Amino acid sequence: MSETHRYDAALAADIEARWQDYWERHGTYETPNPTGELADGTGRADRPKKFIMDMFPYPSGAGLHVGHPLGYIATDVYARFQRMNGHNVLHTLGFDAFGLPAEQYAVQTGTHPRVSTEANMKTYRTQLRRLGLGYDLRRSFATIDPDYYRWTQWIFVQIFNSWYDRDAGRARPIEVLVAQFAAGERATPDGRPWAELTAAERADVLSGHRLAYASDAPVNWCPGLGTVLANEEVTADGRSERGNFPVFKAKLRQWNMRITAYADRLIDDLDTVDWPAAIKIQQRNWIGRSEGARLDFPLAHAAGGVREETVTVFTTRQDTLFGATYMVLAPEHPLIDAVVPESWPADTRQAWTGGHATPRDAVAAYRKQAAAKSDLERQAEAREKTGVFTGAFAVNPATGERIPVFIADYVLLGYGTGAIMAVPAHDSRDFAFARAFELPMRCVVEPTDGRGTDPAAWDDSFNAKDARIVNSAAGELSLDGLDVASAKARVNAWLAERGLGEGTVNFRLRDWLFSRQRYWGEPFPVVYDEDGVAHALPESMLPLELPEVDDYAPRTFDPDDADTRPETPLSRNEEWVNVTLDLGDGPKKYRRETNTMPNWAGSCWYQLRYLDPFNAEKLVDPEIERYWMGPREGMPTGGVDLYVGGAEHAVLHLLYARFWQKVLFDLGHVSSPEPYHKLYNQGMIQAYVYRDSRGFPVPAAEVEVEEHDGGWVHAGEPVTRELGKIGKSLKNVVSPDEIFAAYGADTLRLYEMAMGPLDVSRPWETRAVVGQYRLLQRLWRNVLDEATGEPAVAEEAPDEATLRAMHKAIDGVRQDLEQLRFNTAIAKITELNNHVTKAGGRVPREAAETLVLLIAPLAPHVAEELWHRLGHEDSVTAADFPVADPAFVVDETVTCVVQIRGKVRARLEVAPTVSEADLEALALGAPAIVDALGGDAVRKVIVRAPKLVNIVPA
RNA sequence: GCGGCCGUGAUGGAAUUGGCAGUCAUGCUGGGUUUAGGUCCCAGUGCGCCUCGCGCGCGUGAGGGUUCGAAUCCCUCCGGCCGCACCA
């Protein structure tokens, strides 16, 4: 028998190449817009639409391994499914190509990052095409394209030129604020009229309001990378997320984005998007909204009496104000120098002074010790409380008592006001500190667990919030008997009355540090005049192109040397930096900003440019934006229909992109306040890592299984096995090219989709890939004669059983694909294929075509080929996805299980429409049941027609 | 420490959401096709027991509970993964 028409790897490769060429020639995946350059007049844009997106890749030098395309395959399957459902589907993929790795690779290899990045993208494009991913390539771009980053810079300018109007609850153009100052509707910080301020002073005032602003503040400085980093890029143990270098606090002038202005909206709008609960929780935690109160504690004179200065604290437990028996400031708190007295007050305990002769010495020594501690060390001794008395006292505004003021590193400068009122009886950290320093504790919330009201006898603080306030009355304020919530409200009112503070909301979120000392990023469209005032470039000067330079290497330092300072590569290029420009008031000399934007900038808005990639006039045409992303039924905040990517971007890209989208929404550039409506996190494909006795990974491909004990051996030596990421260093990389060569792209696609649910991680097992290859071979044989390659289907209608199998499969596969449950969809297709295989004889055409259509989104090449050979002229991508006939989805008879006390004792074949009463009678009459009951009386019968009867004997 | 998710055959995983546990696939066993190997095809495959039957018992990390009925809900414990980590 000739095997020339057998489905094998060579034939798969041939089919796949031919159809990929066909799709490209015919523009199969090109999607029309309703208007503009990409409108096509075919009416396709009038169909319902879906915008389906992946998190775009960073093109690394290593190319793709089999773990990378999981999400891309999933969105491609979904996009094909929706296209077959008659949707106008927008699906494409660009490249996130600015950023550190390209620059590091460039420095290592001596190639310019543009050259290596372009080469990497070319490799990626080839590999993605080989997978048969159906993209509208006209809409694909890279963030490094000047045509693209022109608009990244443009958005920066929009953000720079706007401020957050709290009264309006949204961002507005900065001119509105200027007008308010000029008209005197809004007071300047020092009260002088706006007209009297110099240009530099005005710029300074406005900088305090702009959504993008430069400021001197402690930032995360990473000498090992030679750049500063955003909070989101620093790990919990104080190292850089990329490269794992130490990160230090350094006071530097840097650009920031006022993302904190959007904290509430970023939390609130999470309710309107369809995202995994875990990601929403992470964002909420990162933003860290907490309700409480801000209140002032007056400082006390040594001799008694109250000073002018106050210490402001933030607390969420203002109800425990009467229990505040001391205060703690963060070691770096700016007020400390002003409060520390010359000498220790009389009777100061030795334990409080740290053994120092004066408070000043004690504070200086403690600060030094705290600064020297790495975050890792702080973490290790997390619960060990240290601190020192400042020698100063404050006054509890409720009780009037003098309370000592300490500094301790368990209070962080970066959170709240950097100072706390300590209530040791009702906060476990304060409790531990009070124990260590023998500070008084006062119980002001009555314990509900029977421990009594004397904190001296407790093991830990009492924190329950469903209790009542006690011991809290002085002057006109009494909280006694109130529950916690009422007491908080009462204290808030009292604070406001007395002008001591107010109820307030505090956020953990800090502003986003937006500048980097790197070459390979978007240049800031900003210049400084001779007074050092920053000016945004006018739109006509965009894009400000990244200059081509030879010396693009970042200045990096000894990773542990905290005293170093960054140097920007662009600053070396004097002729680029110093320019004469006319910004509207005649030619003047300016210096360019030499920082570049972080690599997140390009990914903050790319969904918008996919919509209208060639628009030279606008970021995106409003009609096109509304068409694809505007608010609609069930999606009040609009956005991309489906966005698939890894969970590692939970608080980075996904938070930043939401923020930019909201600013653009406020400024009227887009109609959708959320960028991504439905987010789906795909799991990771893992692979086994084999290690030798020294713990070094050995090449996974060379490991063999021991015959007798099932262990693993490499080069005759036993090795251990564990699951890990796929990567070069773990020697377990499997390239898609190997799988293409052995089985073809359709098999790889099916295998990745069949491995398990999309959202969980699963181990790659090359030997299991063959299962999906067999499915395709069986399908091929069911449709074609292997000897001739001609269709070998029967033209008669399928029999009843086959019809039912077909329609059940259609029904199930439809639901599964809609819910991204590709693994069970494939199981159902396999089942149907097995059904027609077992039935023997020629497969009826209707069944064969159903199989081809069902598998088309998953294995598009083989589906195209079979569809074509079955005599269809059009691409299967344009065919309608089958719709199940309800009459055949329900079985003619169903098996009803009859249970006695929940154990199956008999099965009955009944009509699906059988009535409960009939079914009960049938069940009670079944011989096996009569036998099993043995004449026992029946106490109860539960009938769930038509599938189950449960009989409970007395 | 706090919060979240998850434990099902040798393996990846199904289970219409409280109603027959183990769909589908890998692996393994046996058989067939083949000069041979591979491919391919067919059958079997949770564990145990026996009188080998359309049989019985056990079985979803462990223990308990709710229910006519629990992989699914509740409680305790064990194990794993992820996030946060002195957040006032």
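Note that the coordinates shown come from a computational prediction; the quantities given were computed from them, not determined experimentally. Each chain gets a letter, A, B and so on, in the order its sequence line appears, and its residues count up from 1.
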Checklist entry - Taking atom C1' of B:rC24 as reference, at what distance in whole Å does atom CZ of A:Arg774 sit? => result 14 Å
Next on the checklist: Rounded to whole Å, how long is the line connecting atom CG of A:Asp427 with atom C1' of B:rC86?
Outcome noted: 9 Å
Checklist outcome for this item: Here the distance between atom P of B:rG83 and atom CG of A:Asn285, to the nearest Å, is 13 Å
Item to check | Gap in Å between the two C1' atoms, one belonging to B:rU16 and one to B:rU23, rounded | outcome: 12 Å
Item to check | Contacts of type side-chain contact (heavy atoms from CB on, under 4.5 Å), residue A:Ala419, not counting sequence neighbours | outcome: A:Val311, A:Val313, A:Leu329, A:His333, A:Thr417
Checklist entry - Any side-chain N or O of A:Gln282 under 4.0 Å from OP1/OP2 of B:rC84? => result no
Item to check | Nearest-angstrom distance, C1' atom, B:rG64 to B:rC28 | outcome: 38 Å
Item to check | Under-4.0 Å salt bridge between A:Asp427 and A:Lys385 | outcome: no
Next on the checklist: Once side-chain hydrogen bond (donor to acceptor under 3.5 Å, both in side chains) is applied, do any residues pair with A:Ser428, and if so which ones, sequence neighbours excluded?
Outcome noted: none
Next on the checklist: From CG of A:Leu412 over to C1' of B:rC84, roughly how many Å is that when rounded to an integer?
Outcome noted: 14 Å
Next on the checklist: If the cut-off is 4.0 Å, is A:Arg284 near the phosphate of B:rG83, judged by side-chain N/O to OP1 or OP2?
Outcome noted: no
Checklist outcome for this item: Here the pair of heavy atoms bringing A:Ile336 nearest to A:Pro331 is CD1-O, 3.3 Å
Checklist entry - Is B:rU39 in the syn range, within 90° of 0, or in the anti range? => result anti
Checklist entry - Could you state the CD-P distance from A:Gln772 to B:rC24, rounded to the nearest angstrom? => result 13 Å
Checklist outcome for this item: Contacts of A:Ser915 meeting side-chain hydrogen bond (donor to acceptor under 3.5 Å, both in side chains) (sequence neighbours excluded), chain-then-number -> A:Asp918
Checklist entry - Is A:Asn834 touching bases, backbone alone, or none of the nucleic acid, heavy atoms closer than 4.0 Å? => result sugar-phosphate
Next on the checklist: So if I define the base as every atom that isn't primed, P, OP1 or OP2, how would nucleotides 7-22 of chain B read as a B/S/- string at a heavy-atom cutoff under 4.0 Å?
Outcome noted: ----SSSS-B--BB--
Checklist entry - Quick one: does NZ or CZ of A:Arg721 land under 6.0 Å from the six-membered ring centre of A:Tyr688, within 45 degrees of the ring axis? => result yes
Item to check | Distance test, side-chain N/O of A:Ser290 to OP1/OP2 of B:rA88, below 4.0 Å | outcome: yes
Item to check | Pairwise 5' ranking along RNA chain B for A:Val952 and A:Gly771, keeping only the more 5' one | outcome: A:Gly771
Checklist entry - Do the ring planes of A:Phe888 and A:His807 sit parallel (below 30°), tilted (30 to 60°) or perpendicular (above 60°)? => result parallel
Checklist entry - Tell me, which stems hold RNA chain B, with a stem being 3 or more Watson-Crick or G-U pairs in a row and both distances under 3.5 Å? => result B:1-7 with B:78-84, B:10-12 with B:24-26, B:27-32 with B:40-45, B:46-49 with B:55-58, B:61-65 with B:73-77
Item to check | Distance between P atoms of B:rG4 and B:rG13 (Å, rounded) | outcome: 24 Å
Next on the checklist: Rounding to an integer number of Å, can you tell me how far A:Phe297 CZ sits from B:rA88 C1'?
Outcome noted: 12 Å
Checklist entry - Of the candidate nucleotides B:rA88, B:rU26, B:rG4, which contains the atom at the shortest distance from the side chain of A:Val770? => result B:rU26
Checklist entry - Rounded to whole angstroms, how far apart are CD1 on A:Ile951 and C1' on B:rG69? => result 13 Å
Item to check | Whole-angstrom distance between B:rG65 and B:rG59, as gauged at atom P | outcome: 14 Å
Item to check | Assigned glycosidic conformation for B:rG27 [threshold 90° from 0] | outcome: anti
Checklist entry - Atom OG1 in A:Thr850, atom CD1 in A:Ile829: separation rounded to 0.5 Å? => result 11.0 Å
Item to check | C1' gap between B:rU33 and B:rC81, integer Å | outcome: 48 Å
Item to check | Separation between the P atoms of B:rG32 and B:rA71, rounded to whole Å | outcome: 42 Å
Next on the checklist: Quick one: does any side-chain atom of A:His426 pair with a main-chain N or O of A:Val444 as donor and acceptor, under 3.5 Å?
Outcome noted: yes
Item to check | Distance between P atoms of B:rG80 and B:rA25 (Å, rounded) | outcome: 34 Å
Item to check | Interatomic distance where CG belongs to A:Leu779 and P belongs to B:rC40 [whole Å] | outcome: 15 Å
Next on the checklist: Between B:rU26 and B:rC78, how many Å separate the two C1' atoms, rounded to a whole number?
Outcome noted: 30 Å
Checklist entry - Nucleotide by nucleotide, 5' to 3', does protein get under 4.0 Å of the base (B), only the sugar-phosphate (S), or neither (-) in nucleotides 42-49 of chain B, counting heavy atoms? => result --------
Checklist entry - Any ion pair linking A:Asp8 and A:Arg6 (charged N to carboxylate O, less than 4.0 Å)? => result no
Next on the checklist: Around atom CG of A:Asp459, are there more than 12 heavy atoms from other residues, nucleotides or ligands closer than 6.0 Å?
Outcome noted: no
Checklist entry - Of the candidate nucleotides B:rA88, B:rU39, B:rU26, which contains the atom at the shortest distance from the side chain of A:Arg6? => result B:rU39
Checklist outcome for this item: Scanning both residues in full, the closest heavy-atom pair of A:Val938 with A:Leu924 reads CG2-CD2, 4.1 Å
Checklist entry - NA contact type, A:Ala768, heavy-atom cut-off 4.0 Å: base, sugar-phosphate, or nothing? => result sugar-phosphate
Checklist entry - Looking at the rings of A:Tyr773 and A:Tyr751, which for Trp means the six-membered one, are their centres under 6.0 Å apart? => result no
Checklist entry - Side-chain contact, heavy-atom cut-off 4.5 Å: A:Ile73 with A:Met753? => result yes
Checklist entry - Where each residue is assigned the nucleotide of RNA chain B containing its nearest heavy atom, which of A:Gly414 and A:Arg905 is assigned the position nearer the 5′ end? => result A:Arg905
